[in-house]
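The model shown is predicted, which means the values in this text are computed figures rather than measured ones. Values reported hereafter were calculated over all heavy atoms of this structure, with side chains retained and with hydrogens, waters and symmetry mates removed.
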Amino acid sequence: MAFDLLDFTKKLELQLDKEDLYITHVYIAYKIMIYYENNIGQITEAVKPTLLEIIQEIYEIYTQNDDVELLDSLVSQKIQSL
């Protein structure tokens with residue numbers, strides 16, 4: 001059976017809803033993860049709490065502006081400031 005992206009997304013949405021999170025959080029987390037791993041190194045347990053705080057900070061700013069270029073800039077700025 002082929003991967004069902006719609007089914008996966010629905011399950012993800014339901015799980016996120018239980019945690020009071022949104023797909024946007026996942027998108028930001030993905031961008032943080034990729035940026036960090038490409039520029040700093042592997043994400044360790046020690047850095048996860050900091051990255052989770054950054055995700056929430058970026059989410060709050062991003063949802064006020066809804067600007068993709070702003071999102072990329074925020075990710076870069078926050079990770080470089082670690």
Side-chain angles (χ1 to χ4, degrees):
M1 182 173 147
F3 179 71
D4 186 338
L5 183 57
L6 294 175
D7 186 46
F8 175 80
T9 303
K10 185 62 178 176
K11 289 176 184 174
L12 178 60
E13 177 189 28
L14 293 171
Q15 184 64 35
L16 290 170
D17 192 44
K18 291 177 187 175
E19 303 296 329
D20 197 29
L21 297 171
Y22 301 95
I23 293 290
T24 307
H25 286 97
V26 175
Y27 180 62
I28 294 169
Y30 173 76
K31 291 184 92 48
I32 291 284
M33 179 185 72
I34 294 302
Y35 188 91
Y36 190 92
E37 289 177 347
N38 286 338
N39 294 283
I40 308 293
Q42 290 286 41
I43 295 174
T44 63
E45 290 298 318
V47 78
K48 280 184 182 180
T50 302
L51 295 181
L52 291 171
E53 287 177 22
I54 290 171
I55 290 165
Q56 189 59 38
E57 289 174 18
I58 291 173
Y59 174 81
E60 291 170 14
I61 295 167
Y62 178 69
T63 54
Q64 293 173 7
N65 297 289
D66 198 25
D67 180 354
V68 173
E69 289 180 18
L70 174 63
L71 178 58
D72 290 341
S73 175
L74 288 169
V75 168
S76 176
Q77 288 173 11
K78 294 288 187 179
I79 297 300
Q80 289 178 12
S81 71
L82 291 179

Quick check for you: to the nearest 0.5 Å, what is the distance between [X] atom [atom1] and [Y] atom [atom2]?
X	Y	atom1	atom2	value
L74	I55	CG	CD1	13.0 Å
L71	E69	CG	CD	11.0 Å
M33	Q42	CE	CD	10.0 Å
I43	E37	CD1	CD	4.5 Å
I79	I34	CD1	CD1	11.5 Å
K11	D4	NZ	CG	8.0 Å

Can you find a heavy atom in the side chain of [X] that is under 4.5 Å from one in the side chain of [Y]?
X	Y	answer
I58	K78	yes
H25	Y62	no
I54	I28	no
L16	V26	yes

*Parallel, tilted or perpendicular: ring planes of Y22 versus Y59, cut at 30 and 60 degrees*: parallel
*asked:* The test is side chain to side chain contact (heavy atoms under 4.5 Å, CB included); show your working for L82 and I40 and say whether it passes.
replied: CA-CA 10 Å; L82 291 179; I40 308 293; 5.7 Å; no
*Is it true that L5 and L14 fall in one hydrophobic cluster, defined by side-chain heavy atoms closer than 4.5 Å?*
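L5 and L14: separate clusters.
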*State, without any angle test, whether Q64 and E60 hold a side-chain donor-acceptor pair at a distance under 3.5 Å.*
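Short answer, no.
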